[in-house]
Amino acid sequence: MAPVTILFVLLFGLPLALISVLLVGYLREPVRHKRVVQFVERTGVHLTGSNVSLVLDGLARTVRWRVAGVVVATSFCLAGLMYSAELTRTASVGSGTVVVLACGFLAGAVIGEVGNAVRRGPGPRTASLDVRHEADYVGSWAQRVPLAIAVASVAAAAALWGLLGAPSGLDLLSGAIVPWLVARWATRTILERPRPQSDEADVLAADDGLRSRGLHAIGGPVVLVGSWSLASLLFALITATGDAKGSLLLVYVAALLAGARIAWLLAVRPFRVVPDQAAHPAPVRELS
């Protein structure tokens, strides 16, 4: 094994394996009280003995899949770096690497939320004649921002292709288009999920709260992946016109950080589906 590959294994492989073991132990624990409090504060849902099992079941599955997505994406990037180091004796982290990491988080979020939508969960469920709209559970940004990013990415890719005379950056363009399409499908799946077969208002409110947080958990990562793909396309477009790569690198990194911050704020933004109810989370022992 080449020395550079051994170095990457020591620097990345062993810490990743240790983190994976620690995450497995963390994910086997019950849902933390902090997450339940956040759910209550952001949705306005009042937890009761009737709906607490529904909430805990939904929250537990989503966080596990998100973490799993990040771990798998990190492992994939690490394997690619080691393979490149073995072939060329050099390795570098390019713009595609950060997009892959963001896609891993998005994939985990989508699998977890869609899993909540298709899984029956505790108790029977029933269809409803009520038409549910995305605006009932999440702000208009979930539709507009990813679409705007996708359109801007197409324009940037077209300009890059015109400058280079051949298609380039297709992977980055797909990083903006594919997540947007996946999010549209996942959103429809969450909205059309059957309701719990219950006439209790607190159970139905909890179901609405889980839909709301699910749409936020998908919308935020879509903005993250799309913004990083767009920033990478713009960076490639600007640097293709000259030797300004070094001077623009800090701007590029700042754009990635800004996109991550905006995506996080959108993902955790409160949307109270039950604005007329007080938020009173159950005690920690009852939730464990």
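Just so it is clear, the model here is predicted, and its values are computed rather than measured.
Distance check, rounded to the nearest 0.5 Å: CZ of R184 to CD1 of I218 gives 9.5 Å. Remark: T239 OG1 to L160 CG distance equals 8.5 Å, nearest 0.5 Å. Rounding to the nearest 0.5 angstrom, the gap separating the CH2 atom in W161 from the CG atom in L237 is 12.5 Å. One finds the CG atom of L234 at 7.5 Å from the OG atom of S153 (value rounded to the nearest 0.5 Å). With rounding to the nearest 0.5 angstrom, the CG atom of L210 is 6.0 Å from the CG atom of L59. Here F271 contributes atom CZ and L215 contributes atom CG; the two are 9.5 Å apart, rounded to the nearest 0.5 Å.
Between R193 and D207 there is a salt bridge, with a side-chain nitrogen of the basic residue lying less than 4.0 Å from a carboxylate oxygen of the acidic one. By the 4.0 Å N-to-carboxylate-O rule, R211 lies too far from E134 to be salt-bridged with it. With respect to the salt-bridge test (charged N to carboxylate O, under 4.0 angstrom), the residues R195 and D208 qualify.
For the pair P196/L54, a side-chain contact is recorded, criterion being any heavy-atom separation below 4.5 Å from C-beta on. Residues T48 and D202 meet the side-chain proximity criterion, which asks for heavy atoms closer than 4.5 Å. Side chains of W185 and V110 form a contact here, defined as non-hydrogen atoms less than 4.5 Å apart. Using a 4.5 Å heavy-atom cutoff, the side chains of H133 and L191 are not in contact.
Linking Ile, Leu, Val, Met, Phe, Trp and Tyr residues whenever their side-chain heavy atoms come within less than 4.5 Å leaves L204 and V40 in two separate clusters. A chain of hydrophobic side-chain contacts below 4.5 Å, direct or via other Ile, Leu, Val, Met, Phe, Trp or Tyr residues, connects L147 to V154.
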Practice task
Under the side-chain contact (heavy atoms from CB on, under 4.5 Å) rule, what do V222 and L106 come out as? Steps first, then yes or no, please.
Solution key: CA-CA 7 Å; V222 169; L106 173 60; 3.7 Å; yes

Practice task
Starting from the C-alpha separation in whole Å, work towards a yes-or-no answer on side-chain contact (heavy atoms from CB on, under 4.5 Å) for W141 and R269.
Solution key: CA-CA 11 Å; W141 64 266; R269 175 177 291 186; 3.7 Å; yes

Handout entry: Verdict with reasoning, V268 to H216, per side-chain contact (heavy atoms from CB on, under 4.5 Å)
Key = CA-CA 7 Å; V268 301; H216 282 80; over 6 Å; no

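Summarising the geometry of V45 relative to G209, their closest heavy-atom pair is CG2-CA, 4.2 Å, with the distance given to 0.1 Å. For A217 against A109, the heavy-atom pair with the smallest separation is O-CB, 3.6 Å. A pairwise comparison of heavy atoms in A255 and A231 identifies CB-CB, 4.2 Å as the closest pair. Of all the heavy atoms in N51 and V203, the pair that sits closest is CB-CA, 3.9 Å.
Judged purely by distance below 3.5 Å, without hydrogens or angles, the side chains of S232 and Y252 pair a donor atom with an acceptor atom.
Just one of I190, T43, V273 meets the side-chain contact (heavy atoms from CB on, under 4.5 Å) condition when paired with Y137; it is V273.
Judged by distance alone, with hydrogens and angles left aside, the side-chain atoms of W180 form no donor-acceptor pair with the main-chain N or O of P146 at under 3.5 Å. The backbone N or O of E41 sits less than 3.5 Å from a side-chain atom of R272, completing a donor-acceptor pair.
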